[in-house]
Amino acid sequence: MILMNILLQAAAGTGSGMGTSLLMMVAIIAVFYFFMIRPQQKKQKEVQRAREAMKVGDKVVTAGGIHGRIKEVGDSWFLVEVADGVKLKFEKTSVFASSSDVTTP
């Protein structure tokens, strides 16, 4: 109800300052969405797709900085070999593809 009153006042011209401030608030929200929120969502989706594409033998780096190679893949975890015979289990959310595994032309 209050929002409708504000919009009606802005349309009638009785609160021209209110209409300008309302327009500025909408513009600020749009800037935040297109320059901060949307790119972050795209990046999160890209990382999620990369995690789903990981398979046995891929080199990975954990969020803690541990480098290793995937030995087994579960529903929500990876078994990563960090040294000969040393295997650690990590949640998928804390594992990222290693940049040394990416080849550049």
Side-chain angles (χ1 to χ4, degrees):
M1 186 69 173
I2 295 172
L3 180 61
M4 187 169 30
N5 286 338
I6 292 171
L7 292 174
L8 289 173
Q9 287 177 357
T14 58
S16 63
M18 184 67 80
T20 305
S21 64
L22 182 64
L23 182 62
M24 289 300 288
M25 290 297 281
V26 169
I28 289 172
I29 290 170
V31 167
F32 270 105
Y33 177 76
F34 285 109
F35 290 107
M36 296 179 74
I37 297 170
R38 190 166 179 246
Q40 184 65 29
Q41 288 175 342
K42 281 185 169 183
K43 185 177 180 180
Q44 287 175 345
K45 286 180 183 179
E46 182 180 316
V47 168
Q48 183 64 28
R49 280 192 299 260
R51 282 189 186 123
E52 290 170 358
M54 288 182 189
K55 60 189 181 305
V56 174
D58 289 348
K59 292 181 184 178
V60 294
V61 179
T62 67
I66 299 172
H67 294 251
R69 188 173 296 273
I70 296 176
K71 289 297 177 185
E72 191 176 333
V73 178
D75 288 336
S76 64
W77 53 269
F78 289 117
L79 190 63
V80 178
E81 185 174 37
V82 295
D84 291 333
V86 180
K87 296 176 185 169
L88 302 172
K89 187 182 278 190
F90 292 99
E91 290 293 318
K92 283 188 175 182
T93 57
S94 66
V95 176
F96 303 95
S98 174
S99 60
S100 65
D101 203 26
V102 177
T103 57
T104 56

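Given the structure is predicted, the values throughout are model-derived calculations rather than measurements. The chain is numbered in sequence order, starting from 1.
- Atom CZ of R51 and atom NZ of K92 lie 10.0 Å apart (nearest 0.5 Å).
- Between the CE atom of M54 and the CD1 atom of I70 there is a distance of 5.5 Å, given to the nearest 0.5 Å.
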Donor-acceptor pairs under 3.5 Å, side chain of residues 39-50 to any protein atom, not counting sequence neighbours: which ones?
residue, atom, partner, partner atom, Å
Q48, NE2, E52, OE2, 3.2

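- Both F34 and I37 are assigned to one and the same hydrophobic cluster, defined by single-linkage of ILVMFWY side chains at heavy-atom distances under 4.5 Å.
- Note on V73 and I66: same hydrophobic cluster, where clusters join Ile, Leu, Val, Met, Phe, Trp and Tyr whose side-chain heavy atoms are under 4.5 Å apart, directly or indirectly.
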Donor-acceptor pairs under 3.5 Å, side chain of residues 74-90 to any protein atom, not counting sequence neighbours: which ones?
residue, atom, partner, partner atom, Å
E81, OE1, K71, NZ, 3.3
E81, OE2, G85, N, 3.2

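- For the pair R69 (side chain) and K59 (backbone), a donor-acceptor distance under 3.5 Å is absent.
- Other residues, nucleotides and ligands place more than 12 heavy atoms under 6.0 Å from the CZ atom of F96.
- When hydrophobic clusters are built by joining Ile, Leu, Val, Met, Phe, Trp and Tyr residues whose side-chain heavy atoms come closer than 4.5 Å, directly or via intermediates, M24 is not grouped with V31.
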